[in-house]
Amino acid sequence: MKLISSLLFLAFILRINSVNAQTSPLAVNGVVDLTSYHPQKEAPIKLSGEWLFAWKKLATETELKATGKYTNVPGNWTAYNSDANFFNNDFGYATYGLTISLPKSTENWALLLPPLPSAYKLFVDGKLVGSMGKVDSSANMIPKSVSNVVYFTTKSDKVFLLLQLSNYHFSSSGMWSSITIGNPKQVTDLSNKSFIADAFLVGSLLIMGLYHLAIFAMRRKEKAALFFAILCLALALRACFSMTPLLFYMMPEFSYSLALKILYTLFPICLLGFVYFLTSTELVRFPVLMKRMFLVVAITYTGLVWLSSNPIYGNLLIVVIIMAACMGCFTVYFLIRHFRNNPLDNGLLLAGILACFIGLLNDSLYEAELINTGFLLPFAFLILLLLQAIVLALRFTGALTRSERLATELAKSNIAYEQMVLGRREAEEQIEIESLKSKFFSNITHEFKTPLSLITAPTEYLLRLSNDGKRRIY
């Protein structure tokens with residue numbers, strides 16, 4: 001039943017995140033042909049392929065077309081940065097451009113822009129329709145990365161998109177995700193569905209985290225509940241920063257640099273929470289040396305996040321990712337090796353890890369535009385946590401069942417003990433009564449013996465005299 005519930009939940013997420021399958025035409029030489037596209041009937045499509053590109057230029061449409069250079073979208077601009085090194089390989093600014101051939105000369109359209117690092121301006125036929133942060137050709141730029149929906153109306157059957165993008169804060173940059181175009185209603189619905197799914201994810205994680213934190217508050221011996229609560233709350237907070245992201249909808253003025261530090265700090269915290277949760281439940285027994293290495297790496301990286309800039313700790317994230325890979329491989333190895341010892345709990349954990357692997361594979365295929373399901377890895381992690389919540393629930397119910405059984409056995413023992421005490425008390429009372437009866441008859445015997453002796457002695461004497469007198473006569 002629990003497995004069916006998890007599968008239904010995954011189907012719900014697929015339904016929320018997916019739209020009808022739509023093959024997106026690729027842009028060639030900075031032009032994409034959408035003349036056969038029907039926005040009222042077909043799903044929104046992604047503007048991928050060859051875009052016009054000008055490195056280290058905040059160019060106009062004319063200047064951009066004059067360069068005659070192209071780059072693939074989605075993708076980064078690392079290859080164009082001649083000053084690149086390990087810590088600033090994606091610093092810089094650039095301009096992207098794309099000509100779109102539309103099916104109608106007069107039509108309302110909408111564009112869904114993903115979170116792009118780390119500031120941009122979007123122009124449609126020379127008119128500014130959307131911006132995020134402050135674009136600049138130096139580090140004076142102001143970063144901000146939030147998904148956005150913009151609307152425009154065409155005046156001809158061709159439009160030109162021009163995107164000015166700058167980044168001097170984030171460790172990677174470029175148009176790493178494609179812009180989506182379509183009917184305004186469908187694009188808005190797509191954005192709302194993503195928001196609802198992310199809000200559902202955050203709410204679910206918060207509820208699970210607070211619930212298990214309350215369990216730990218009432219029963220301090222349940223360390224597994226504490227580590228599970230830390231894991232859920234950390235993932236919920238991370239989801240607020242990393243996906244839609246919800247935090248910037250609730251707090252638009254929140255510092256983007258601070259958000260990045262919190263986002264990167266939560267990653268090792270989540271890994272440590274998972275390691276100590278598995279250890280406290282005894283599902284996986286990590287070697288002491290491995291646990292200490294995880295702890296040292298997590299503490300060192302967390303300190304580095306707060307003491308350095310994003311290009312440094314962003315590029316060094318690979319160390320934490322390697323740690324996570326080692327942890328996952330050892331966990332799978334341990335579970336398979338000891339599967340027979342605890343098949344139910346180990347099976348649930350393996351199923352959660354399999355869900356994460358499927359989510360990772362799905363996201364890779366979706367990013368490559370081979371499928372059109374949406375990003376599912378965060379929800380795969382939620383399934384993993386739900387399955388682990390089931391493991392905790394099974395343990396709690398098992399402990400409650402055992403306590404109820406022990407209480408029943410104790411009640412039976414108490415009844416038997418009371419009956420034994422009652423029987424012993426009755427036996428002691430019976431012995432006391434017999435003792436009193438013995439004493440009573442002993443006293444009566446003694447009281448009757450003295451007067452009877454006084455009577456029997458003379459009587460016997462008289463009888464002897466009588467017998468002696470008869471013998472004389474005869």
Side-chain angles (χ1 to χ4, degrees), residues 1-18 197-198 200-202 204-205 207-209 212 224 227-228 230-232 234-236 238-239 242-243 266-286 290 294 320-368 370-395:
M1 184 62 187
K2 297 179 178 66
L3 181 58
I4 294 175
S5 300
S6 298
L7 292 175
L8 289 175
F9 170 75
L10 182 58
F12 165 74
I13 295 302
L14 284 170
R15 179 68 185 90
I16 285 291
N17 282 276
S18 64
D198 294 347
F200 173 80
L201 173 64
V202 172
S204 301
L205 291 172
I207 290 172
M208 285 196 296
H212 287 90
F227 294 128
F228 189 76
I230 292 174
L231 179 60
C232 290
L235 282 173
R238 180 176 170 81
S242 62
M243 294 186 301
L266 290 171
F267 187 47
I269 291 177
C270 291
L271 292 179
L272 282 180
F274 193 62
V275 168
Y276 281 92
F277 165 71
L278 294 179
T279 303
S280 61
T281 57
E282 298 183 352
L283 287 173
V284 180
R285 291 187 290 274
F286 291 94
M290 182 180 289
F294 288 166
V320 183
I321 293 175
I322 293 173
M323 180 183 81
C326 294
M327 181 200 73
C329 292
F330 181 83
T331 300
V332 173
Y333 163 76
F334 189 92
L335 292 174
I336 294 176
R337 184 177 179 181
H338 299 85
F339 186 82
R340 293 184 178 179
N341 297 338
N342 195 355
L344 180 57
D345 292 353
N346 291 353
L348 289 173
L349 181 53
L350 283 172
I353 294 174
L354 178 62
C356 292
F357 175 77
I358 293 174
L360 180 62
L361 179 62
N362 169 88
D363 288 7
S364 301
L365 295 175
Y366 176 71
E367 188 67 27
L370 297 177
I371 59 176
N372 197 27
T373 54
F375 292 107
L376 296 180
L377 185 58
F379 300 98
F381 277 114
L382 179 58
I383 291 177
L384 172 62
L385 293 180
L386 284 173
L387 293 176
Q388 296 320 295
I390 292 173
V391 170
L392 283 179
L394 290 174
R395 296 198 171 205

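To the nearest 0.5 angstrom, Leu386 atom CG is 7.0 Å from Ser204 atom OG. A distance of 10.0 Å separates CG in Leu272 from CD1 in Ile230, rounded to the nearest 0.5 Å. For the atom pair Met290 CE and Arg285 CZ, the distance stands at 14.0 Å (nearest 0.5 Å). Atoms CD and CG, on Glu282 and Asn341 in that order, are 11.5 Å from each other to the nearest 0.5 Å. Note that CG of Leu344 and CD1 of Ile390 are 9.0 Å apart. Values are rounded to the nearest 0.5 Å. A distance of 10.0 Å separates CG of Leu350 from CG of Leu283, quoted to the nearest 0.5 Å.
Annotation: side-chain hydrogen bond (donor to acceptor under 3.5 Å, both in side chains) contacts involving residues 266-280, sequence neighbours excluded, are absent. For residues 346-357, no residue pair satisfies the salt bridge (Lys or Arg N to Asp or Glu O under 4.0 Å) rule, not counting sequence neighbours.
Shortest non-hydrogen contact noted between Val275 and Met327 is CG2-SD, 3.2 Å. When every heavy atom of Ala224 is checked against every heavy atom of Leu392, the shortest pair comes out as CB-CD2, 3.8 Å. Nearest heavy atoms, Cys232 versus Leu205: CB-O, 3.5 Å. Taking every heavy atom of both residues into account, Leu201 and Ala239 meet most closely at CD2-CB, 4.3 Å. The minimum heavy-atom distance between Asp345 and Asn342, with the atom names listed, is OD2-ND2, 3.1 Å. Considering all non-hydrogen atoms of both residues, Leu231 and Cys270 come closest at CD1-O, 3.2 Å.
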Quick one, Leu349 with Thr331, criterion side chain to side chain contact (heavy atoms under 4.5 Å, CB included). Give me CA distance, side-chain angles, the key distance, then yes/no.
CA-CA 9 Å; Leu349 181 53; Thr331 300; 4.1 Å; yes
Checking side chain to side chain contact (heavy atoms under 4.5 Å, CB included) for the pair Leu335/Ile353: CA distance, chi angles, key distance, verdict?
CA-CA 11 Å; Leu335 292 174; Ile353 294 174; 4.2 Å; yes
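Under the ring-ring contact (aromatic ring centres under 6.0 Å, His included) criterion, Phe277 pairs with Phe228, not counting sequence neighbours. Take Phe267 and apply the ring-ring contact (aromatic ring centres under 6.0 Å, His included) test, not counting sequence neighbours, and it matches no residue. Every residue meeting the side-chain hydrogen bond (donor to acceptor under 3.5 Å, both in side chains) condition with Arg337, not counting sequence neighbours, appears here in chain and number order: Tyr333. In terms of the ring-ring contact (aromatic ring centres under 6.0 Å, His included) criterion, Phe294 has no residue partners (sequence neighbours excluded).
The shortest distance between side-chain heavy atoms of Arg238 and Ile269 does not fall below 4.5 Å.
A ring pair (Phe, Tyr, Trp, His ring centres under 6.0 Å) with Phe286 holds for exactly one of Phe274, Phe330, Phe334; it is Phe330.
Using modelled atom types, one side-chain atom of Asn346 and one backbone atom of His338 make a donor-acceptor pair closer than 3.5 Å.
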